[in-house]
Amino acid sequence: MKNYTCHFSMLVAIMLLIISCSSPEDITPDPVNDDREYIPLKELFKDHFPIGAAVTPNHMDSRTPHGRTLIEHFNSLVAENVMKPDALQRVKGTYTWTNADRIVQFAKENDMKVRGHTLTWHSQTPDWFFYDENGDLHTPEVAMKQLEEHITTVVSRYKGDVYAWDVVNEAMFDWDPNGQIIYREDSPWYKIMGPAYIDSAFVYARRADPDAKLFYNDYNSIFSWKRNKIYDLVKRLKDNNIPIDGVGLQGHWNVGVSEQDIRTTLDLFRDLGVEIQITELDLSVYLSSDEPGSEVYTDAFNLRQKIAYPMIMKILLDYSDIITGVTFWGIGDDVTWLDRPGRRHFPFLLDEQLKPKPAYLEVQKLIRR
Ligand code: G3I
């Protein structure tokens with residue numbers, strides 16, 4: 001009896017020690033349903049394409065709800081911000097790797113792929129890439145050399161860890177129904193050297209990691225005025241033997257997105273012989289920017305997503321021979337770049353508590369009935 005009491009006291013002591021060493025997040029209840037009526041996203045689509053999420057470094061902890069949800073549902077990660085030029089090389093010649101490394105490390109520990117976003121962009125890129133100390137634009141030679149140095153350093157560091165890069169982001173002019181303006185001419189890259197930076201960026205990335213998949217990535221790419229420009233760009237690059245492997249369709253859509261627009265775009269790019277990835281999927285609950293904003297997820301929003309999400313995922317399954325990845329631009333409805341006070345967008349399949357929404361179960365029916 002004495003022995004049992006002794007063992008019991010020791011057990012209690014060990015348990016108290018474990019509890020006292022835990023952070024409060026360790027004892028947060030599992031964020032997902034216990035009834036297991038759902039199949040994790042990565043399992044659901046495992047025969048078709050990896051399912052990714054855009055993340056921030058503070059998600060990279062398996063003791064947090066976000067970390068646990070990533071491990072449960074996703075097998076691919078992309079940094080929402082911390083691999084952009086302003087995060088990696090804010091000051092010329094001084095690289096800051098800590099945040100990006102955390103994401104790569106977490107992915108490795110949890111057997112996930114990593115997409116790299118982004119090497120060449122007009123936004124979130126420090127001025128020194130473009131302007132000299134007098135505020136004048138660099139010569140093409142100087143700007144090109146700096147771009148080469150940045151791409152070579154970043155891609156080499158993550159060689160073998162990052163399997164696909166958004167080499168150039170959003171270089172095409174967005175709204176131009178007559179198709180007169182092809183490139184985004186307000187980009188400092190374009191102002192310095194015209195579209196030549198696009199070609200060079202792909203060449204530098206390929207040299208640094210011959211095995212990485214190289215993507216051109218853009219938004220509004222399912223609309224005729226833009227997809228044709230992207231088609232022409234990719235065709236020109238391929239015709240000139242510039243190494244490009246794929247096109248990233250960002251997928252910042254809303255519940256009114258047209259099935260025909262998506263299918264027509266996928267058919268068009270299929271002809272180019274490139275891979276397609278949906279790189280930044282989020283599906284706003286509003287049908288237009290004129291619709292009044294809401295802070296709550298209404299029955300109407302729920303119904304719209306229960307129809308639109310399976311429609312989209314069915315298309316992606318239909319084209320899974322050319323679609324090599326689908327990445328959401330976030331994890332759950334609690335955090336999204338879209339939200340403004342008074343106007344929340346609820347764009348994901350997981351809700352604010354990171355639990356599957358009714359739309360998720362509708363998507364699941366596409367595969368498992
Ligand atoms: O860097 C500052 C930080 O120092 C400060 O503490 C913080 C406080 O608000 O702001 C930080 O910068 C913000 C940054 O996100 C990091 O949180 C910027 O103000 C904010 O503008 C920036 O927004 C990002 C946006 O790209 C910038 O263009 C969004 O999070 C990110 O989701 C969004 O992602 C883009 C893709 O890269 C390309 N495609 C479109 C997509 C959505 O816009």
Side-chain angles (χ1 to χ4, degrees), residues 52-60 66 70 74 76-91 94-100 102-103 114-130 150-151 154 162 164-175 183-184 186-189 198 201 214-223 226-227 229-230 233 246-254 257 265 276-286 289 325-341 343-348 350:
V55 297
T56 64
N58 59 12
H59 294 144
M60 301 295 96
H66 290 95
L70 287 168
F74 298 91
S76 179
L77 300 181
V78 62
E80 184 174 0
N81 285 297
V82 303
M83 282 196 189
K84 292 173 178 173
D86 66 346
L88 292 182
Q89 197 183 180
R90 183 176 288 276
V91 175
T94 303
Y95 286 86
T96 308
W97 303 112
T98 320
N99 285 330
R102 272 181 76 184
I103 293 175
V114 181
R115 297 192 85 256
H117 174 84
T118 175
L119 297 169
T120 317
W121 196 19
H122 61 276
S123 177
Q124 288 181 282
T125 301
D127 281 350
W128 66 260
F129 272 90
F130 308 120
H150 181 80
I151 290 178
V154 173
V162 169
W165 280 101
D166 290 333
V167 178
V168 178
N169 198 42
E170 302 172 6
M172 311 312 282
F173 186 60
D174 189 41
W175 172 243
Y183 295 100
R184 184 192 283 267
D186 62 351
S187 162
W189 289 118
I198 300 174
L214 307 182
F215 280 78
Y216 174 76
N217 188 50
D218 213 331
Y219 62 96
N220 282 351
S221 31
I222 59 166
F223 301 121
K226 196 131 173 212
R227 68 173 169 240
K229 294 178 192 178
I230 297 172
L233 168 71
V247 175
L249 311 179
Q250 291 187 0
H252 297 296
W253 297 327
N254 72 31
V257 66
T265 304
I276 306 290
Q277 296 200 349
I278 310 300
T279 52
E280 305 183 14
L281 182 57
D282 46 23
L283 193 72
S284 167
V285 291
Y286 300 102
S289 52
V326 174
T327 294
F328 291 85
W329 203 241
I331 304 172
D333 285 346
D334 56 324
V335 183
T336 162
W337 72 285
L338 293 165
D339 282 355
R340 301 285 177 273
R343 193 177 180 79
R344 299 191 51 203
H345 289 260
F346 309 99
F348 300 117
L350 301 176

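Every number for a ligand or one of its atoms is a count from 1 in the order of the listing. What you see is a predicted model; the values in this text were computed from it and never measured.
- Protein residues with a heavy atom closer than 4.0 Å to ligand 1 are Glu80, Asn81, Lys84, His117, Trp121, Ser123, Gln124, Asn169, Glu170, Gln250, His252, Glu280, Trp329, Trp337, listed by chain and number.
- Aromatic rings from Trp165 and Phe215 are positioned such that their centres are separated by 6.0 Å or more.
- Each of Asn220, Thr265, Asp218 was checked for a side chain to side chain donor-acceptor pair (under 3.5 Å) with Lys226, and the lone residue meeting it is Asp218.
- Take Trp128 and apply the ring-ring contact (aromatic ring centres under 6.0 Å, His included) test, not counting sequence neighbours, and it matches no residue.
- For Asn81, the side-chain hydrogen bond (donor to acceptor under 3.5 Å, both in side chains) test picks out Lys84, Gln124, with sequence neighbours left out.
- Asn99 is linked by a side-chain hydrogen bond (donor to acceptor under 3.5 Å, both in side chains) to nothing, counting only residues two or more places apart in sequence or in another chain.
- Using bins of under 30°, 30° to 60° and over 60° for the plane-to-plane angle, the ring pair His150/Tyr95 lands in the parallel bin.
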